[in-house]
Each structure stands twice: as structure tokens, then as C-alpha cells.
Q: 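Below is the structure I would like to discuss, written out as C-alpha cells.
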Amino acid sequence: MVQFHEHIITELLEDSIGGLVVTSSGLGLHKLISSLFLLHHHSQGCLLVLSATPPQKSSILRNYENDIQSQISGEVSNLPSEITSDLQANQRLALYTSGGIFFITTRILIVDLLTHRLPTTAVAGLVILNAHSLSDTSTEAFIVRILRSTNRSLYVRAFSDRPHSMVSGFAKAERTLKCLFVRKLHLWPRFQVYVSQDLERDPPEVVDIRVPMSTYMIGIQKAVIEVMDACLKEMRKTNKVDVEDLTVENGLFKSFDEIVKRQLDPIWHTLGKRTKQLVSDLKTLRKLLDYLVRYDAVTYLKYLDSLRASESFRSVWIFAESSYKIFEYAKKRVYHFGRTDSGKLGLSKTVSTKKRKLNDNKKDEDQSTSTETRVVLEEVLEEPPKWKVLLDVLMEIQEERDKHALSGEEKDHLGDGDDNGIVLVACKDEYSCMQLKDCITNGSQKVMREEWEKYLLSKVQLQALPKRNAKKAKEPKGFGVLDGVVATAPGKKAEVSSISKQEHDALLAAASEVSKRINKDIVGEDDNRKHVDGGGSVKGKGKGKKKKGSAGEKTNNDVAPEDDAMEGGCLNEVFLRKHNQGLNAESSREMKKLPPVVFYALESDKKILDILKPSTIIAYHPDIAFVREVEMYKAENPSRKAKVYFLFYEDSTEVQKFEASVRRENGAFESLIRQKSLMMIPVDQDGRCLGLDSSNEPQSVIPQNLITRKAGGRREAEKEMQVIVDMREFMSTLPNVLHQKGMRIIPVTLEVGDYILSPLICVERKSISDLFGSFASGRLYHQVEMMSRYYRIPVLLIEFSQDKSFSFQSASEIGDDVTPNSIISKLSLLVLHFPRLRIIWSRSLHATAEIFASLKSNQDEPDEVKAIRVGVPSEEGVIENDVRAENYNTSAVEMLRRLPGVTDSNYRAIMDGCKSLAELAMLPMERLAELMGGQKAAKMLREFLDAKYPTLL
């Protein structure tokens with residue numbers, strides 16, 4: 001264990017009620033927590049771990065197991081386990097009282113606390129991870145409040161390694177301390193004295209490599225930044241966003257979306273479509289900058305094509321002045337397109353010379369073909385510059401190892417004798433890992449060729465898809481600019497249209513060629529299998545393939561473009577000039593000399609350094625958290641030599657983002673240090689206060705607290721309000737707020753409704769997004785129907801978010817005409833269909849709690865047993881408490897509504913006009929027409945009732 005971890009643990013143990021620890025990212029938080037687990041003894045009670053993600057959980061368990069094994073020899077028992085919903089209540093109780101360490105979800109824990117399945121005195125403490133995501137309404141705060149109120153000896157230790165998230169919003173750190181009922185805030189930035197001493201005592205050897213970007217990459221980056229700046233200027237014109245936050249540097253981070261969203265949410269309904277689209281566009285532009293330095297040229301072009309297809313009509317950025325450069329340069333990184341006449345489209349001189357050679361050779365064949373209709377598609381397939389640098393670095397590492405091996409300095413060079421010589425390459429995501437692995441194994445040219453062929457084949461697949469509502473093309477009018485099949489003479493506009501059509505057709509022609517070649521290869525493989533069956537081997541097949549590939553390469557190097565006739569296109573002939581692959585053989589020979597390489601995806605968040613123990617680390621996509629992990633790895637293994645290579649694109653947003661992340665983290669800690677010096681934490685942070693709302697809510701859920709007050713005197717204990725809550729509702733934070741208001745929460749599984757306020761009132765709660773989804777699926781109709789059947793006062797609660805506008809629709813979305821698709825129309829129809837339904841609009845969670853309290857006044861408390869049985873048939877199939885069953889035979893009503901001609905608008909009139917289905921069957925046609933509102937419906941029903949029963953004879 002590093003020394004600063006010991007200091008953190010010492011500080012935490014000084015305060016018996018716990019504290020909040022905020023560290024820089026990558027400082028081994030999982031190791032710190034596993035070290036705390038070692039200090040726990042089962043005699044103290046159980047230790048519950050909340051809000052841990054799966055990677056965090058696996059890292060903590062692995063580290064804890066290693067720590068235990070280092071202390072005792074033999075197999076490790078009683079490891080921390082997980083409590084899930086699969087376990088029965090009695091099994092969970094046995095685990096709680098065993099005094100072990102358990103990972104548990106907040107939903108299971110809060111239900112067990114409210115149903116008294118978990119004795120609060122059996123809990124020694126809570127460890128809460130990702131404390132930056134907590135708020136006063138979160139379920140974690142709910143759990144702490146209940147446990148603190150009955151178990152004063154409980155300790156709460158919360159951890160976060162996201163300092164920038166702890167400064168978002170007003171007094172976030174102070175609010176988090178209050179909702180956890182702890183007083184101490186422990187800050188451990190990278191620049192803290194103890195941390196710096198530990199990590200800088202024996203730092204790893206660092207090699208910083210700056211890779212120059214290609215000309216087209218520089219052009220794309222510059223264009224994207226210009227477009228992003230233009231979008232930010234447009235947003236500044238709205239005068240509704242803080243201008244200081246709207247910078248290109250901030251736009252490089254995901255948190256920028258949160259900054260803008262937090263500012264615009266309350267006034268979102270007043271914004272125009274253009275401003276809303278700008279917010280989405282900035283997110284897209286950030287991805288474009290990130291993907292430029294992360295992926296290869298073909299993948300980047302494919303992503304741009306998908307953007308053009310999906311956002312072309314909505315996006316603002318696509319119509320910006322510099323946006324065309326992004327598409328143009330991205331295309332030029334993959335291929336060049338031109339015609340056979342004097343290089344009009346900017347092809348190189350060598351290419352046009354080669355084209356002319358081909359035309360001279362095939363003069364007799366192509367006399368009937370016009371030169372205007374011949375085009376050349378030249379493959380460029382620009383490789384990412386980092387690929388070559390990565391291969392050079394790997395070869396350099398192997399050469400160094402070979403030199404040390406020859407000179408007998410292997411042990412001295414590696415430090416420890418057990419070094420495995422692994423080179424770890426850290427990439428952003430799994431896709432990059434797989435592609436780089438393929439690049440090292442098969443060569444960069446082959447990888448680019450495969451990506452290019454996939455791109456072309458995707459064009460063919462897209463073309464083959466059936467077109468919806470495709471109308472037959474009409475004859476072009478005028479110059480025929482619409483279909484693009486025009487001569488180049490009439491003018492420039494016609495030429496541009498013709499070029500785009502020809503380029504698309506050329507890509508399809510190249511794709512068909514690739515498709516044919518793949519089919520030939522498949523047939524060839526089948527033939528080879530037949531020949532090899534007689535005694536050949538897999539090795540022989542591999543050789544055959546290699547020969548075939550090398551022959552293909554030789555043909556390509558002879559600069560003989562292949563032609564392909566298009567069917568039904570405006571082009572008679574397309575020349576595809578393939579990219580030179582002459583270096584592949586040499587590359588493959590060099591690749592055999594590379595050291596063992598393991599690729600690691602940073603997004604997986606797995607702590608892999610302690611498992612692999614690499615001697616060399618290459619940060620292909622540098623990340624600040626990973627840099628700290630490498631520093632920690634070296635500090636814990638001072639005898640092991642480690643060398644780290646950083647690959648940065650020179651003068652790129654990659655460098656800018658990395659440096660900005662360091663500045664942002666330091667700024668966040670400086671802000672937290674200032675807040676800590678000014679923080680006002682109540683002295684009685686031990687469960688007696690109710691967080692931020694203590695002044696407004698003097699009553700508590702504990703009956704003892706209702707008897708006396710601090711000021712002296714006595715008052716009558718008020719009647720405790722009860723609310724029955726469906727288990728599924730604990731995914732939301734409303735039960736927590738209701739508990740803060742002094743209501744007793746009873747969690748059960750309800751068949752009808754979400755909240756039962758009284759024997760008469762049932763509430764179905766819907767957020768805005770859930771309301772739209774429920775209408776679309778038809779689920780809401782069924783839910784309201786069930787509430788109307790079993791309760792006198794069915795209520796639909798439409799709840800808005802507190803930080804968003806209390807507006808159902810913006811003024812621009814409300815049309816003059818009534819349309820069936822409008823949400824207002826759907827709500828109106830719902831109310832017309834269920835006259836007893838009451839709709840309540842709530843602007844926030846706290847407003848909902850106030851509404852519930854007022855609805856419960858002068859009402860009896862709900863019965864838990866009856867609420868559970870509502871809507872559930874008994875063994876005899878009878879459903880109790882059916883309101884409609886008092887006046888109607890519900891089974892007969894359901895039968896009636898399924899008859900032909902009976903609709904929602906006329907079934908009530910039919911029920912009023914006849915007493916039973918038997919009487920309905922005997923009614924004359926005239927009376928049926930009168931009750932059903934027309935002859936057509938009456939005729940349908942009569943024909944159905946009079947229809948003969950089919951027989952086998």
C-alpha cells in the first residue's frame with residue numbers, strides 16, 4: 001500500500017461517523033476501499049457497499065483477495081458477496097446478521113429497511129461509491145437517513161474520483177455532506193504533498209512522441225473547429241446562456257453538454273428549433289474531433305456518410321461555411337475521383353498519364369465510347385500516422401531487448417527476474433484495440449483494404465434495400481439537373497450534378513467488382529478443399545492463398561487499372577486504380593520481430609496493470625486517469641522498471657483536451673478547497689436533522705421525536721400519514737421525498753396503480769417522457785381502466801422535473817388544428833372515456849409531496865392487505881372490490897364490447913337499453929339501430945347473432 005492511502009484511512013478512522021473522500025482520478029480508489037475492508041470484523045456488524053459499478057466491484061474484490069492471500073497462506077474464504085433480489089427474505093436476513101461485507105443495490109436495501117426485514121442495529125457501516133452522483137433526493141440519502149435515525153453508531157464513508165463533478169451546481173460538496181449526515185470532507189488531489197512524494201519518488205521513464213498529422217487531417221480539424229466556433233457564436237446570440245462557458249476548449253468535453261443543458265432546461269420550451277438543434281450539433285462536432293484522431297480514414301468517412309443521411313435536413317452545422325471542407329477532405333483521405341479528360345477534377349499528373357496509356361492500348365476496343373463518360377476512381381486509403389509510429393516503437397523495443405540479451409544485461413534492464421516482457425497498448429475503445437491488433441498481425445495495408453471493401457459493400461447493400469413509397473422517375477425537364485444525366489456543355493451547375501452522380505456510380509461499380517472477387521475467392525476455396533481432401537493439409541491451403549495474393553499484388557504494382565462496365569448507369573466504363581501494396585511483404589517480415597503485445601480498452605475501466613505487470617506501456621490514446629494508474633503501478637513496484645510511451649498528434653485537439661483535463665481537475669480541487677474553508681455544516685449531523693429541508697419539516701417519522709421539542713414543553717403526536725407504494729416506484733426519488741415530509745412508506749407489489757393514498761384514491765404517476773411512451777404503447781389506457789374499475793377516485797399524476805420548465809408543450813408545437821396524434825388530443829379523449837379520472841399537474845417532486853398531503857386530509861389511511869389483493873383473482877376466479885361489479889356484470893360487459901358493431905361510443909347506450917345479453921339478442925332491428933346509433937352497426941350485430949353454427953355434415 002502506498003503511504004498516502006494510509007494517511008487517508010487514518011483520517012477516516014479519526015471520525016466515528018465517517019466522511020467524504022474526493023481524490024484525483026486514477027489514484028487507486030479500489031485499492032483504498034479494499035484496504036478498508038481488511039479493517040472490518042464481523043463482530044462489528046455487516047458492512048454494506050452501495051452504488052458500485054461492475055468494473056469497480058470486480059477490481060475491489062480482486063484486490064481484497066490479493067491482500068488476504070498476502071497475509072495468510074491457503075485458500076481465501078468469506079470474500080465479500082453480493083445480495084440480489086434472487087435471494088429470499090429469510091436468506092437476506094441471515095446474511096445481514098452474519099456480519100460480513102456485502103455489495104447491494106439501493107432498491108433492495110431501501111425496501112428491506114422499510115419492511116423491517118433488516119434490523120438497523122445489524123449494520124456497522126455503509127461504503128458509498130460514486131458520491132458525485134448523490135443528491136438530497138437520491139435513494140442513498142434515503143437509506144442513510146433511515147439508518148441514522150435508529151442507529152447512531154453507524155459510520156458512512158463515501159468516495160468519489162470525479163472532482164469536476166463535485167463542483168457542478170450550487171454548493172454540491174456541502175449538499176452531499178448534508179444528505180449523508182457527515183461533517184468531514186477529505187480532499188486528495190494529485191498535487192497534495194503526500195501524493196506527490198509517493199508518485200515522484202521513483203517515476204517511470206517517459207517518452208513523449210509527437211506524431212504530425214496528415215495535411216487532410218489538419219484541414220478537417222481546422223474546419224470542425226471553425227464550424228464549432230460558428231455554432232457557439234450562434235448560441236451566444238440567444239442571450240440565454242452564460243457566455244463564459246461557451247468556449248471551444250469546454251466543447252471538447254462531455255461535461256459541456258451538462259453545462260448547457262443545466263442552463264437551458266428551465267427555458268427549453270421558450271427556445272426555437274434552431275437553438276435546440278445547435279445544442280445537438282455541438283455534441284456531434286465534438287464526436288467528429290474525437291473520431292478524427294481515434295479512427296482510420298475509411299471509418300471516419302463512413303461515420304460522415306451516416307451523419308449526412310440522418311442529419312442533412314435538421315442540422316445547422318452542415319450548412320456552415322466550412323462544413324463542406326470536412327466532407328471533401330475526409331473523402332480525399334480515402335479516394336480521388338476524376339475523368340479521363342485533361343484532369344478536370346484535380347487528379348495527379350501521373351494518374352492522368354497512366355489513364356492515357358490505357359486509352360492508347362485499348363484504342364480499338366473503345367472507339368464507340370465517348371471520353372466524357374469515362375471516370376477514374378483512384379484509391380488513396382490514407383493510413384493513420386500513428387499506425388506507423390506504433391510499429392516503429394514496437395520494433396525499437398524489440399531491438400533494445402535483443403541488444404540487452406546479447407550483452408547479458410537482461411536482468412539489470414528488466415529489474416525483476418520474473419518480468420514477462422509484455423508491452424501494454426492502451427486505446428480508447430474495443431474497436432481501436434481490435435483494429436490495431438489486426439494491423440500488427442496482418443499489416444496496415446491489408447487492414448485499410450478490408451475497411452475499404454466493407455465500405456464499398458455497404459454501398460451495394462444500401463442500394464439493394466427496397467425503397468419505401470418510391471415513385472417512378474419521370475422524364476427530366478429542362479436541362480435535367482434533377483437526375484444528373486446531362487452533358488457537361490450546358491453549364492457548371494449541370495456539371496456538378498453530373499459529377500456527383502458519376503462518383504456515386506463509380507463507387508457502386510468498384511463495389512460490384514469487390515463483390516465478384518469475393519465470390520470467386522469463395523468458389524476457389526471450395527475447389528481447394530476438394531483437392532486437399534485427398535491428403536492435403538491446412539498449411540498447403542494457406543500457401544495457395546498466399547501465392548494468389550502475391551500474384552494480385554504484382555498485377556496491381558504494374559499500374560494496370562481494371563475496368564468494369566456498369567449496368568444501366570450513365571457511365572459506360574469505370575477505371576479503378578488500386579492503391580499500391582508493395583510494402584506488405586516487407587512489413588509482414590518485420591512484424592515477426594515484434595515483442596508480445598496486449599491491447600487494453602480504457603472504456604472497459606478494468607484495472608489491468610497489476611494483473612499483467614507490463615514492462616513497457618504505450619498510451620496510444622493518452623488519458624489522464626490512465627496516466628495516474630501508471631504512476632500508482634510504478635510507486636507500488638519500485639524495483640520493477642517501467643517505460644511509458646505517449647503518442648500524441650502534434651498540434652491536435654487531442655493534446656489540447658489532455659492538457660485541459662489536467663487544468664480542469666486542478667481548478668476543481670482549488671474550488672473545493674475554497675468551499676471547504678467556507679462550508680457551514682450543522683453540529684448535529686448525526687441523523688437528527690433532515691438535510692436541507694430540516695427547517696421546513698419539523699416533524700419526523702420517528703414517534704419519539706414527536707413527543708418533545710428542544711425548546712421544552714409537549715405537543716400532541718400528530719396522526720402518522722401512510723402511503724402504499726409499488727415496489728417498482730423505488731427506481732424514482734419520490735418515495736424519498738414523501739418520507740422527508742413525514743409520511744410512512746409501505747412498499748408492496750401493486751397490480752393496480754403506483755401509490756395508494758386512501759381506500760378511495762389511487763394514483764398512477766407519469767413523468768413527461770413516460771407519458772408519451774404510455775400513450776404510444778396503449779399501456780396508459782389499460783392502467784386508467786383498471787384504476788377506474790377498483791377505486792372511486794382514480795388519479796393520473798403528471799410530474800415535471802424540478803430543473804425543467806413547467807410547460808407541457810412549447811408555443812411553437814401547439815398547432816391551430818386538432819390532430820389525433822397530438823398529446824393534448826390523446827389526453828382529452830382519455831378524460832372523455834373515463835369521466836371519473838382526475839388529472840393532477842405537478843411541477844416537482846416536492847410539489848407532489850404537498851399534493852399528496854392535501855389529498856390525504858380527511859381521508860382514511862389505506863389498508864395494505866386490501867391494496868395487495870386489488871386486481872388479483874382469488875382461487876374461485878372472483879376479483880374483489882370491483883367497483884363496476886356492484887352495478888354491472890363485468891364478464892357480460894367484456895363480452896358485449898367484443899361483439900361486432902359495438903364500439904366505445906355506443907356500448908353504454910346498449911347497456912342502458914337492455915338488461916342482459918339474452919334480451920339484446922331478441923331486440924328487433926329498429927331498436928338495435930336506435931341503441932347502436934345507426935343501421936350499419938345494427939346490421940353487423942344482427943348478422944353475427946343470426947349466423948348459422950357450422951357443422952361437419
Side-chain angles (χ1 to χ4, degrees), residues 12-21 33 36-37 39-52 80 83 89-90 92-129 131 134 136 138-159 176-184 681-691 693-694 697 699-708 710 720 730 735-736 739-740 742-747:
L12 279 172
L13 295 176
E14 284 174 0
D15 195 337
S16 60
I17 66 169
L20 171 61
V21 178
I33 293 166
L36 276 172
F37 286 178
L39 302 176
H40 176 76
H41 194 268
H42 64 84
S43 61
Q44 300 170 344
C46 69
L47 176 60
L48 302 178
V49 187
L50 303 177
S51 306
I83 294 177
N90 57 345
R92 294 205 297 272
L93 177 60
L95 290 173
Y96 291 140
T97 53
S98 67
I101 302 171
F102 303 105
F103 291 90
I104 188 170
T105 63
T106 55
R107 186 178 170 189
I108 294 171
L109 183 55
I110 191 61
V111 170
D112 283 351
L113 281 171
L114 292 171
T115 53
H116 305 292
R117 291 175 190 151
L118 166 61
T120 55
T121 52
V123 183
L126 296 176
V127 170
I128 302 175
L129 279 72
L134 300 183
D136 55 328
S138 61
T139 310
E140 289 86 351
F142 192 3
I143 290 166
V144 173
R145 187 167 63 252
I146 292 176
L147 286 170
R148 278 260 191 246
S149 61
T150 54
N151 183 359
R152 299 297 173 88
S153 62
L154 177 89
Y155 63 81
V156 178
R157 291 165 185 159
F159 300 89
T176 305
L177 287 173
K178 285 184 177 181
C179 75
L180 293 173
F181 302 101
V182 292
R183 291 191 291 261
K184 293 284 181 73
I681 303 296
V683 177
D684 58 350
Q685 276 284 70
D686 57 358
R688 283 177 287 172
C689 63
L690 289 176
D693 297 330
S694 56
E697 299 155 39
Q699 75 273 22
S700 172
V701 292
I702 308 305
Q704 289 86 343
N705 289 351
L706 292 173
I707 296 171
T708 60
K710 283 185 181 178
E720 188 180 38
F730 283 93
N736 180 12
H739 187 267
Q740 280 182 340
M743 298 182 192
R744 184 187 166 211
I745 307 299
I746 304 171

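The first residue in the sequence is number 1, and the count goes up from there.
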Q: Nearest 0.5 Å please: distance from the CG atom of D136 over to the CG atom of L180.
A: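 Separation between the atoms: 11.0 Å.
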Q: Quick one: pull up CG in L113 and OG1 in T106 and give me the separation to the nearest 0.5 Å.
A: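 Answer rounded to 0.5 Å: 11.0 Å.
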Q: Sequence neighbours left out, what passes side-chain hydrogen bond (donor to acceptor under 3.5 Å, both in side chains) with S153? Give chain and number order.
A: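 So S153 forms a side-chain hydrogen bond (donor to acceptor under 3.5 Å, both in side chains) with N151.
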Q: Could you go step by step and tell me if F181 and I17 meet the side-chain contact (heavy atoms from CB on, under 4.5 Å) rule?
A: CA-CA 8 Å; F181 302 101; I17 66 169; over 6 Å; no
Q: Got a sec, which pairs hit salt bridge (charged side-chain N to carboxylate O under 4.0 Å, His left out) with one end in residues 94-107, sequence neighbours left out?
A: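 Salt bridge (charged side-chain N to carboxylate O under 4.0 Å, His left out) check on residues 94-107 returns no pairs.
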Q: Look up atom CD1 in I146 and atom CG in L109, then write down how far apart they are to the nearest 0.5 Å.
A: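 Nearest 0.5 Å value for the CD1-CG distance: 8.5 Å.
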Q: So L50 and L129, side-chain contact (heavy atoms from CB on, under 4.5 Å) or not? Walk me through it.
A: CA-CA 6 Å; L50 303 177; L129 279 72; over 6 Å; no
Q: Who are the side-chain contact (heavy atoms from CB on, under 4.5 Å) partners of H116, not counting sequence neighbours?
A: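 Expected list: none.
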Q: Mind listing the side-chain donor-acceptor pairs of residues 117-125 below 3.5 Å, one per line with the distance, residues two or more places apart or on another chain?
A:
{"unit_1": "R117", "atom_1": "NH1", "unit_2": "D112", "atom_2": "OD1", "d": "3.4"}
{"unit_1": "T120", "atom_1": "OG1", "unit_2": "T150", "atom_2": "OG1", "d": "3.0"}

Q: Would R157 count as a cation-pi partner of F159, with NZ or CZ less than 6.0 Å from the six-membered ring centre and within 45° of the ring normal?
A: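 Not flagged: R157 not positioned over aromatic ring of F159.
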Q: I'd like to check the side-chain hydrogen bond (donor to acceptor under 3.5 Å, both in side chains) partners of S51; sequence neighbours left out, ordered by chain and number.
A: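 By the side-chain hydrogen bond (donor to acceptor under 3.5 Å, both in side chains) rule, S51 matches E140.
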Q: For residues V182 and V156, report the shortest heavy-atom separation together with the two atoms involved.
A: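 In terms of heavy atoms, the two residues are closest at CG1-O, 3.7 Å.
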Q: Rounded to the nearest 0.5 Å, what separation is found between the CD1 atom of I108 and the CG atom of L48?
A: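 I108 CD1 to L48 CG: 11.5 Å, rounded to 0.5 Å.
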Q: Can you check whether I128 reaches V144 side chain to side chain, under 4.5 Å on heavy atoms?
A: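 Side chain of I128 against side chain of V144, heavy atoms only: contact under 4.5 Å found.
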Q: Output yes when a side-chain donor or acceptor of H42 lies under 3.5 Å from a complementary backbone atom of T97, and no otherwise.
A: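 A pair under 3.5 Å: no.
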Q: Looking at L47 and Y155, what are the two nearest heavy atoms and their distance?
A: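 For L47 versus Y155, the nearest heavy atoms are CD1-OH, 3.5 Å.
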Q: Could you tell me which residues satisfy ring-ring contact (aromatic ring centres under 6.0 Å, His included) with F142, sequence neighbours excluded, listed by chain and number?
A: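 For F142 the ring-ring contact (aromatic ring centres under 6.0 Å, His included) partners, ignoring immediate neighbours, are H739.
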Q: Taking all non-hydrogen atoms of both residues, which atom of A131 and which atom of A158 are closest, and how far apart?
A: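 So the minimum-distance heavy-atom pair works out to CB-CB, 3.9 Å.
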Q: Grab the two heavy atoms, one from T139 and one from F730, that are nearest each other, plus how far apart they are.
A: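 Scanning both residues completely, I find the closest heavy atoms to be OG1-O, 4.0 Å.
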Q: What are the two closest non-hydrogen atoms of L177 and R183, and how far apart are they?
A: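 It is CD1-O, 4.4 Å.
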Q: How close do V111 and T115 get, counting heavy atoms only, and between which atoms?
A: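 Heavy atoms of V111 and T115 come nearest at O-OG1, 2.6 Å.
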Q: Should N736 and R145 count as side-chain neighbours, where that means a heavy-atom distance under 4.5 Å?
A: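 In contact.
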Q: Sequence neighbours left out, what passes side-chain contact (heavy atoms from CB on, under 4.5 Å) with I746? Give chain and number order.
A: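 Expected list: Q722, I724, R744, V748, E864.
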Q: Take L13 and L39 through the side-chain contact (heavy atoms from CB on, under 4.5 Å) test and state the conclusion after the steps.
A: CA-CA 10 Å; L13 295 176; L39 302 176; 3.9 Å; yes
Q: Please round to the nearest 0.5 Å and tell me the distance separating atom SG of C46 and atom CD1 of I101.
A: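 Going from the SG atom of C46 to the CD1 atom of I101 covers 10.0 Å.
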